[in-house]
Amino acid sequence: MPTGPYDIGPAHVRLDALSKACGTERFSADHYPPGLLWAGAKRAGIPHGIIRRIDTAAARTLPGVHAVLTRADVPGTNRQGIVHKDMPVLCGSKVRHAGDPVALVVAENRDILRRALELIRVDIEPLPAVASIDAALAEDAPFIHAEHGSNILLSAEIRKGDAETAFPDCDIILEETFFTPAQAHAFLETENGLARLDEDGVLHLTASTQAPFRDRFEVGHALGLAPWNIRVTSPFLGGGFGGKDGATVQCLLGLAALKLPGRTIKMWWDREESFLAGYKRHAARMRYRVGAMSDGTLRAVSCLLQFDTGAYAHLGGEIMELGMEHAAGPYRVEHMDCRGECVYTNNPVAGAFRGFGVAQVSLAFEGMMDRLADRLGRDRLDLRRQNALRRGDRNCAGVTLTTSTGLDECLRTLRRHQFWTTRNEWKQAAPRFTRRGTGMAAVFNGMGYGRGLPDNAIAKIELAVNGRFIIYSGVPDMGQGNASTFAQIAGEMLCQDRTRLEVVQPDTEISHPSGSASAGRTTYTYGKALIRACELMTSKLIRRAALMLMIDEPGGFTLVPGAVRHLPTGKEVALSAMAVMLPRDDRVCVSEYLMPVSREVPPTGKDFALGFPHLIFPYAAHLVRIEIDEPTGLVRVCDYLAVTDGGRVLNPLNFHQQIEGGVAQGLGFALMEGLGTCNGQLITKDLSTYLIPTSLDLPDTVSLAAETLEHSGPFGMKGVGEVGMNGPLPAVASALSDALEAYIDRAPVTPEAVLKLLSRGGQA
Amino acid sequence: MSVFLPLTLDDLWPLLSDPQTRLMAGGTDLLVRRRAGFLPGPICCLERIPCLRDVSVASDVRIGAATTLSELLENREIAEKLPVLHQAVRQLGSPLVRNQATLGGNICTASPAGDTLPALYVLEAQLELGSRTTTRTVPIQDFITGPGQTLLEPGEILSAIRIPLPPADSTQCFEKVGRRRALAISVASLAAMLRLTGKTVREIRLAFGSLGPTVLRCPEAEHWLTGRELTPDNLRHAAGMVRQSVRPISDMRATADYRRQVAGNLTLRLEACLP
Amino acid sequence: MIIRFNVNGRDTKLEVRGDERAVDLLRETLGLTGTKEGCGTGECGACAILINGRARLSCLTLAAQLDGHSLTTIEGLGTPEQPHPLQQSFAEHGAVQCGFCSPGMIVAAADLLIRNPHPKREEIREGLSGNLCRCTGYSRILDAVEKVEER
């Protein structure tokens, strides 16, 4: 059946949906080339210690073992990291968390690998485990990174106005401390990849990675290789959510490949290893003081945000930065004094995770808004509307919002919805043994890298000899659907249907550096670059067609499905005919785009080398209706509503999928997730003890778009990959305080905590 | 490593002469533990022995030990006559787990949190144990002696579970408390069977799971409620007795305090059993 | 030991080790990588396949146990050229984001529909409660199964 162009606007089905549903789409984990060897890491097992001895003799002699490597075998710096390179590929002198790798084995098969790893004896003299932020900051705390001189990775401040002098003038001052735990991404496809060093000296890596281009630099720096001698391909990821941003298996695989040239080596962390060694969301403690006037105007916010970055930096400083930049919420606040400390501990390594510091502070700023509203006797939603940022305002970091700011529209949409308007009747109708509550939250999440790190993408599109267009994506698709969105952008620009559009997943050899799949940026930045590349392509094809048709000027041409048409004469040239006649380098168009940054450089945030401030923000208003089972304290999420300002919606399917997924992860964070550790040892080691929501635990989220127009974005959009994650925790906390008349200050909200609050109220 | 798949009991017995051999029914417990490095040795699968998968309902209910939980769930007579067991099975694991996990396996694993166990205790199930030369029948409450411990002798298997048909006028309830609504280890559970005349309790059995080393009955509360009406006040009194009698521990899923509190609260909810 | 079984309509005879898992046999020996592994402990459902028409966790099934049986993996349910109605419905209803849970989810849905051809939404929710998805929040998956016959 003929279809129209695969264009912007309709809910087009993704190009990869069917192949994934049929199991034919190959993820990185699905590659098993012949002659494969398996690599695996021996890990510390204790959170802090000095390595005295690593005995690999028995492992080496096991038949089927091809290599047993330790730090001495690592060339280069033996240091990986995205910004701050403090993480060994293999630990030589010291281990800093229980998952720190001390040796690498390469073997014929996984059975031999397992046995060889068991045979390695590691003798570590334990050091006191620094298992909390307070322990790390204590006077006599051992330094986790001796050369760093303290356990504070980064200490920073963002100030607007002068909060301390403003507080005495406030009619009301409230204080509270909030806690959020470490969270595991729990993607279904765990960390994995393959590596091979070719005869030509190129290191080939296939990995489940969010940053193929940067991986070359990270691996190169760690192992002393030139980045341009490293080729990385990133197939569709079985989930990322930030946990595959930054090398996971890549440096270890590179090391193995260097030692066994010509052999293909695979590493695939099983679920337990992913929990032990993979990155996590930073746990946070957030101390807040908010001052307001009796008419509801917010005057001052003072807060101390402390983030537990675990053993290594990863993006700890940048994550804390984003949290700090959002610390007072999407509100007009005259004064903010936000201090942040990102602290090393011997806990599992914290790194990028959807919501990037903002998921944590959202509990805090929204919790303060609820407390303030209640204290003032104000409607919780109204108070937020009163203080909601509008375009032209300065946000809490002192930066003028020059871009689309649709928070109020989100709040108004929520206000009209029956979940909000009927909340009192709904509450009164609670069945026996239950209590009901409705809660809401206003959230936002800066898009892109912010100032200091160019947020750039280079798009490449080719007219293939068969007349189809190939888009060379520069950023991985981890399920957010950007590959198909790129096809839609090309389809829109070039008027082609889906049979003529193909997207190739990133390959550093044939696509161009376009940054990482993170920060809600990929459709925005790569999309803009692609639009330009398509414009170049259109102009080129029209001119070539004019030549072929002997028409002496290029006006009056347009692209139609499969051809270029001259409107005045009706003459056409088929794209396939053109393609055959053009040499390859005349069929390829490349263009780039650099995301705009704030032109305002507020006199604060100087501790941040990069990432401050951000310019473009999606906004959202969330609502949740919950039912507490009084005998057990169990919380059931009955309904969820998310209203999101993501600029213009390019494809409703992809848009709402992102929101629904973010809400699902956020509800897990609110009600059942939370990495359990004790003295640096993992307690929640697998999916039976670290619980994520099943189909029976989630409602059908109602997701609505409150469309604004983001002038700078492709077709008016901005990225909504993260903002959905930030709403559920504060919304659930809000609903619980509505039901219990007691406040929540930490995640996850356990049935036990609820039961205690219920019994305090005297009812059970 | 050897795997045996006997087709009959006669094929099975010789395989059990090696004390290292592990019996496997559904594998959902055994294979997970082996992955963690425990219980090595040859495996003997029971799934292909037809007489171990038979379900018959006559003067009592006889369930072959290797009957899968899905087979149990899909059995109409069990749903009708043993709703407390049906409800318990329905909340165990997930549909995929139930397609291979077995009733016998859940019993022999004897976890303090085993989901089928409270129902089987309250139904006063009898277990048929067999070996090459012997058969014996043991009440379930005697069979499980501690966490992960049963009376099973070497060379012996659990062959069937026999459950007396509950009286026609009995009401059965089951509730499981977990941290999420599927694939959750029970934090506390209550299986109950009652016979009522109007609101008055003629007979009541309460079996609590995940609240002690094995399933616990609460004779004090059962005794006290017998002859009394099922009112919120009376249930509150009984709840107090339940809280005194359970022996929960604290672990990563819940504290002992919480479990104790909830045990009593589940008792309060028995008022929903009134017709 | 030698085992004989039928997979996706094809009779197969293979030598397997005692401790070999069905999921590894399928993915590595037979190249059927449509079946995924997400946990190895039966908690996520990504490894689900049909054995004699019943969904089972291939990570908790030994290869030896396959002897004499008839298996259907996601590849056997349908292909992009000739998709199973569930596969088509999943694609159309936005039930596929990263797609790693999709094969196991579809196999579990297929099992459900065999036993209950017209399930209510809550029955679908329960029927898929053994399959974890981290991307979608499940609603569109439920839509896809609910509406599979409307096509």
Side-chain angles (χ1 to χ4, degrees), chain B residues 1-7 15 20-22 24-48 53 66 68-71 73-76 87 89-102 105 178-185, chain C residues 1-3 16-23 37-69 101 104-105 107-116 119 122-132 138:
Chain B
M1 193 231 85
S2 310
V3 180
F4 303 108
L5 298 126
L7 300 175
L15 298 168
Q20 281 283 71
T21 302
R22 311 286 171 194
M24 183 168 106
T28 55
D29 281 318
L30 180 70
L31 291 177
V32 173
R33 289 213 228 163
R34 284 171 73 99
R35 178 193 166 81
F38 302 107
L39 306 177
I43 289 180
C44 182
C45 298
L46 297 173
E47 64 194 17
R48 293 176 189 235
R53 283 179 89 140
T68 69
L69 297 177
S70 289
E71 284 163 356
L73 209 53
E74 287 156 15
N75 186 301
R76 289 248 167 80
Q87 278 308 309
V89 170
R90 190 169 169 189
Q91 294 181 63
L92 189 155
S94 74
L96 289 169
V97 167
R98 296 192 286 269
N99 283 351
Q100 58 192 85
T102 65
R179 290 295 305 273
R180 67 179 172 186
R181 301 170 92 216
L183 287 165
I185 304 283
Chain C
M1 57 194 288
I2 305 279
I3 59 169
V16 302
R17 289 185 340 265
D19 53 5
E20 197 168 344
R21 303 178 307 166
V23 65
E37 179 172 0
C39 71
T41 53
E43 297 281 339
C44 77
C47 68
I49 58 172
L50 296 176
I51 300 185
N52 301 339
R54 210 74 223 244
R56 260 187 79 122
L57 299 158
S58 64
C59 76
L60 294 182
T61 301
L62 298 172
Q65 291 177 276
L66 301 177
D67 187 41
H69 290 324
C101 79
M105 191 76 73
V107 164
D111 182 313
L112 171 71
L113 291 179
I114 290 168
R115 255 142 284 287
N116 184 355
E122 284 313 301
E123 290 173 314
I124 302 170
R125 206 183 267 289
E126 191 174 345
L128 298 181
S129 58
N131 293 80
L132 294 179
Y138 304 101

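Chain A is the first sequence line, chain B the second, and so forth, proteins listed ahead of strands; every chain is numbered from 1.
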Flag yes if more than 12 heavy atoms outside B/Arg22 fall under 6.0 Å of its CZ atom; otherwise flag no. yes
Greatest number of heavy atom pairs closer than 4.5 Å to chain C - which of B/Gly27, B/Cys45, B/Pro95: B/Pro95
What verdict does the side-chain contact (heavy atoms from CB on, under 4.5 Å) test give for C/Thr61 and C/His69, after you've listed the backbone C-alpha separation in whole Å, the side-chain angles of each residue and the deciding distance to 0.1 Å? CA-CA 12 Å; C/Thr61 301; C/His69 290 324; over 6 Å; no
Starting from the C-alpha separation in whole Å, work towards a yes-or-no answer on side-chain contact (heavy atoms from CB on, under 4.5 Å) for B/Glu47 and B/Thr68. CA-CA 9 Å; B/Glu47 64 194 17; B/Thr68 69; over 6 Å; no
Contacting moiety of B/Arg180, where chain C heavy atoms sit under 4.5 Å: side chain
Would a 4.5 Å heavy-atom cut-off, applied to side chains only, mark B/Val32 and B/Phe38 as touching? no
Chain C shares the most heavy-atom pairs under 4.5 Å, among B/Thr28, B/Leu5, B/Leu96, with B/Leu96
C/Asp111, part contacting chain B, at a heavy-atom distance under 4.5 Å: side chain
Between B/Arg34 and chain C, with a heavy-atom cut-off of 4.5 Å, which part of the residue counts as in contact: side chain, backbone, both or neither? neither
Interface residue of largest heavy-atom contact number with chain B, from C/Gly45, C/Gly127, C/Gly42, C/Ser129, under 4.5 Å: C/Ser129
Atom pair OG1/CG of B/Thr102 and B/Leu69 - distance to nearest 0.5 Å: 6.5 Å
Answer yes or no: is there a donor N or O on one side and an acceptor on the other, between the side chain of B/Ser70 and the main chain of B/Arg98, under 3.5 Å? yes
Shorter than 4.5 Å, heavy atoms on both sides: which option in B/Met1, B/Gln100, B/Arg35, B/Arg90 has the most such pairs with chain C? B/Gln100
Quick one: what part of C/Ile51 sits under 4.5 Å from any heavy atom of chain B, side chain, backbone, both or neither? neither
Do C/Thr41 and C/Cys59 come close enough that some side-chain heavy atom pair is under 4.5 Å? no
Please tell me if the side chains of C/Asn131 and C/Val107 come closer than 4.5 Å, counting only heavy atoms from C-beta onward. no
Counting only non-hydrogen atoms closer than 4.5 Å, does B/Leu30 touch chain C with its backbone (N, CA, C, O), its side chain (CB onward), both, or neither? neither
Residue C/Glu126 versus chain B: region with a heavy atom under 4.5 Å: both
Side chain, backbone, both or neither: which part of C/Cys39 has an atom under 4.5 Å from a heavy atom of chain B? backbone
